[in-house]
Undergrad: 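Sharing a structure with you now.
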Number of protein chains: 2
Amino acid sequence: MTDNEGMTMARTPVRGPARQLGLRERKKIKTRMAIREATYDLIKEQGYDATTVEQIAERAEVSPSTVFRYFPTKEDIVLTDEYDPLVEDLMRGRPEDEPVLESVRWAIREAMAMAFTDNPERQQEEMVLRARLAVEVPQVRSRLMESMSVTGHMLCRAIAERTGRAEQDLEVRVYSMALMGAMLETLVYWGEHGCRDDLGELIDRTLDTFQDLPRRLP
Amino acid sequence: MTDNEGMTMARTPVRGPARQLGLRERKKIKTRMAIREATYDLIKEQGYDATTVEQIAERAEVSPSTVFRYFPTKEDIVLTDEYDPLVEDLMRGRPEDEPVLESVRWAIREAMAMAFTDNPERQQEEMVLRARLAVEVPQVRSRLMESMSVTGHMLCRAIAERTGRAEQDLEVRVYSMALMGAMLETLVYWGEHGCRDDLGELIDRTLDTFQDLPRRLP
DNA sequence: CCTCTTTTTGAGAGCTACTCTCATTTCATG
DNA sequence: CATGAAATGAGAGTAGCTCTCAAAAAGAGG
């Protein structure tokens, strides 16, 4: 049951005979979004812990069972939204001889830009909420770390492909997860400082730091 | 279960020259260990998920309430045992001008050595179990990551102290968490490979990799 | 429009981690 | 031994999550 979410608006089915979403799939997307938005709103109103799945279901006008059918855990409602495939694709599009870190830098920047193209308001707001929850709610932070590890594996694949090394090489994995740890901490840092800084700039600084770690801290 | 003390009545508190723990505290330590061992054994028998807190309580001969009084969550029973203060102390003992990474390397090595001094069998066994669970059980892995983040903060303090930087400096934090990500991945790697490799050697390799990251992966 | 199949949903029962409260037991001490 | 403090157990309660099964909705075809 790999759910392939489109994450785009359900309105205006694409013209053309080839790809027409049926009513069923459009409804699924709508339900998914309804659950998400209900969750975001409730959390903003009363906080994460005080928000029960039952309440979420009620506001989204579905049954609790359905909520769990769409999201495996409560935390996932907040923070599942797959950047990974996007970033992976973007990285694959970079020239072979580019330093890995530069590809990463470019891919992240591009992914963020794309995410913000439609409905930048809402996207920004959700990012802030996620960062805040990552700071405040241990469960969410844990879950976020877990998803970072998935991203890390993606990065392993990309690096392996690029450098010709094995995907399971210890060095490759260490490199990837170190980078993920760095990125996650950047997000937490951003959240702890009230999300006032420019996240893109922080990420740039992090990548700079990462680029020559040994020189940074003797 | 084989701990200090001989089950005396201790009617009169023996005020010997050496510091003697009261019966209460000795009992607490015993209970804590009993819960841990019951958990380890049950997990070995039937796996993590199949082991309920009720079973653990029963085997440890305490009530379920007591289990939760000693450990905040089920995961904590498996993987709480604070290396952090030890490592922090060890790091503080290193010369000021030593490169941070070398202090880390030394502290970890020393901490491992100390952990293995008494009852190396059992220690090794528990380490293996933890690594295996970190690989197999998402909840445990999450919790482990969470605790790594705590260790990361400790590392931040140590680095800040050593280098005179602010503890909240983005670079310091990025450095620390990158290192933690690397260490955690090393543990996972070890676990995935059946804990057959020498963990100390893997850690050494990881630290080597970390030492000159930019040269490792162009 | 009606029928048949497949997918999606809701209702409800059930499990378990975890919390809280309160009475009881166990230790410490004068 | 008496008194106070701490640890425990019993039990009730909450919420996340799973599973099952039957009803409802959507698609395809006549």
Side-chain angles (χ1 to χ4, degrees), chain A residues 1-5 10 13 20-35 38-39 42-43 46-80 137-140 142-143, chain B residues 5 7-15 19-35 38-39 42-43 46-80 137-140 142-143:
Chain A
M1 229 274 240
T2 53
D3 74 335
N4 237 342
E5 68 153 329
Q20 177 102 355
L21 292 200
L23 174 55
R24 231 162 217 171
E25 315 209 325
R26 271 177 287 155
K27 237 188 154 179
K28 256 160 89 170
I29 292 174
K30 252 173 68 179
T31 304
R32 202 180 168 83
M33 282 176 52
I35 294 173
T39 307
L42 282 167
I43 288 179
Q46 33 174 323
Y48 182 84
D49 286 326
T51 300
T52 74
V53 173
E54 211 169 340
Q55 292 174 326
I56 293 171
E58 195 183 347
R59 186 164 301 196
E61 293 179 281
V62 294
S63 75
S65 336
T66 301
V67 173
F68 285 113
R69 219 171 259 126
Y70 278 80
F71 299 93
T73 73
K74 185 178 154 190
E75 298 101 64
D76 280 285
I77 306 178
V78 181
L79 43 76
T80 298
V137 186
Q139 290 179 325
V140 174
S142 281
R143 195 64 193 67
Chain B
E5 181 255 336
M7 209 78 155
T8 54
M9 290 173 63
R11 197 148 198 33
T12 9
V14 190
R15 290 238 170 260
R19 190 102 172 96
Q20 178 101 358
L21 295 196
L23 175 54
R24 221 158 227 173
E25 316 210 322
R26 273 175 286 155
K27 234 185 156 180
K28 258 160 85 171
I29 293 175
K30 252 173 73 177
T31 304
R32 199 180 171 83
M33 283 178 53
I35 294 173
T39 307
L42 283 166
I43 289 179
Q46 33 174 332
Y48 182 84
D49 286 325
T51 300
T52 73
V53 173
E54 211 169 340
Q55 292 175 325
I56 293 171
E58 195 184 347
R59 184 164 304 196
E61 293 180 280
V62 295
S63 74
S65 334
T66 300
V67 174
F68 286 113
R69 220 170 257 127
Y70 278 79
F71 299 93
T73 72
K74 185 177 155 190
E75 297 102 62
D76 279 285
I77 306 177
V78 181
L79 43 75
T80 296
V137 185
Q139 291 178 325
V140 176
S142 280
R143 193 66 192 69

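Every chain is numbered from 1 and lettered A, B, ... according to where its sequence line falls, protein lines coming before strand lines.
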Undergrad: Would you please name every residue forming a side-chain contact (heavy atoms from CB on, under 4.5 Å) with T66(A), sequence neighbours left out?
TA: T31(A), V62(A), S63(A), R69(A), Y70(A)
Undergrad: Restricting to side-chain hydrogen bond (donor to acceptor under 3.5 Å, both in side chains), what partner residues turn up for R24(B), sequence neighbours left out?
TA: none
Undergrad: Only counting residues at least two apart or in another chain, list the ones meeting side-chain contact (heavy atoms from CB on, under 4.5 Å) with Q55(A).
TA: L42(A), Q46(A), T51(A), T52(A)
Undergrad: Please report the distance, rounded to the nearest Å, between CD in E58(A) and C1' in dA11(C).
TA: 15 Å
Undergrad: I77(A) CD1 to dG16(D) C1': how many Å, rounded?
TA: 11 Å
Undergrad: Sequence neighbours left out, what passes side-chain contact (heavy atoms from CB on, under 4.5 Å) with V53(B)? Give chain and number order.
TA: V67(B), F68(B), K74(B)
Undergrad: Would you tabulate the nitrogen or oxygen pairs shorter than 3.5 Å linking the protein to nucleotides 27-30 of chain D?
TA:
{"unit_1": "dG27(D)", "atom_1": "OP1", "unit_2": "L23(A)", "atom_2": "N", "d": "2.8"}
{"unit_1": "dG27(D)", "atom_1": "OP1", "unit_2": "R24(A)", "atom_2": "N", "d": "3.0"}

Undergrad: Whole angstrom is fine here: how far is it from CD in E54(A) over to P in dA15(D)?
TA: 8 Å
Undergrad: R143(A) CZ to dC17(D) P: how many Å, rounded?
TA: 10 Å
Undergrad: Rounded to whole Å, please give me the gap between CG in D49(A) and C1' in dT19(C).
TA: 13 Å
Undergrad: Would you kindly give the CD-to-P distance between Q139(A) and dT19(C), to the nearest whole Å?
TA: 10 Å
Undergrad: Could you pull out all residues at least two apart from P138(A) that satisfy side-chain contact (heavy atoms from CB on, under 4.5 Å)?
TA: R141(A), E146(B)
Undergrad: With sequence neighbours left out, write down each residue that passes side-chain hydrogen bond (donor to acceptor under 3.5 Å, both in side chains) with D49(A), or none if nothing qualifies.
TA: none
Undergrad: What pairs with R32(B) under salt bridge (charged side-chain N to carboxylate O under 4.0 Å, His left out), at least two apart in sequence or on another chain?
TA: none
Undergrad: Measure from NZ on K74(A) to P on dT14(D) and round the result to the nearest Å.
TA: 16 Å
Undergrad: If I compare all heavy atoms of A57(B) with all of P64(B), which pair ends up nearest, and what's the gap?
TA: CB-N, 3.6 Å
Undergrad: Any side-chain N or O of K28(A) below 4.0 angstrom from OP1/OP2 of dT8(C)?
TA: yes
Undergrad: Could you check how far NZ of K30(A) sits from C1' of dT9(C), rounded to whole Å?
TA: 16 Å
Undergrad: Can you pull out the residues from residues 62-71 of chain B that lie within a 4.0 Å heavy-atom distance of DNA chain D?
TA: V62(B), S63(B), S65(B), T66(B), R69(B), Y70(B)
Undergrad: I want to verify a distance call: between dC18(C), dA15(D), dC27(C), whose nearest atom is closest to the K27(B) side chain?
TA: dC27(C)
Undergrad: Heavy atoms, side chains only, cut-off 4.5 Å: are V78(B) and Y48(B) in contact?
TA: yes
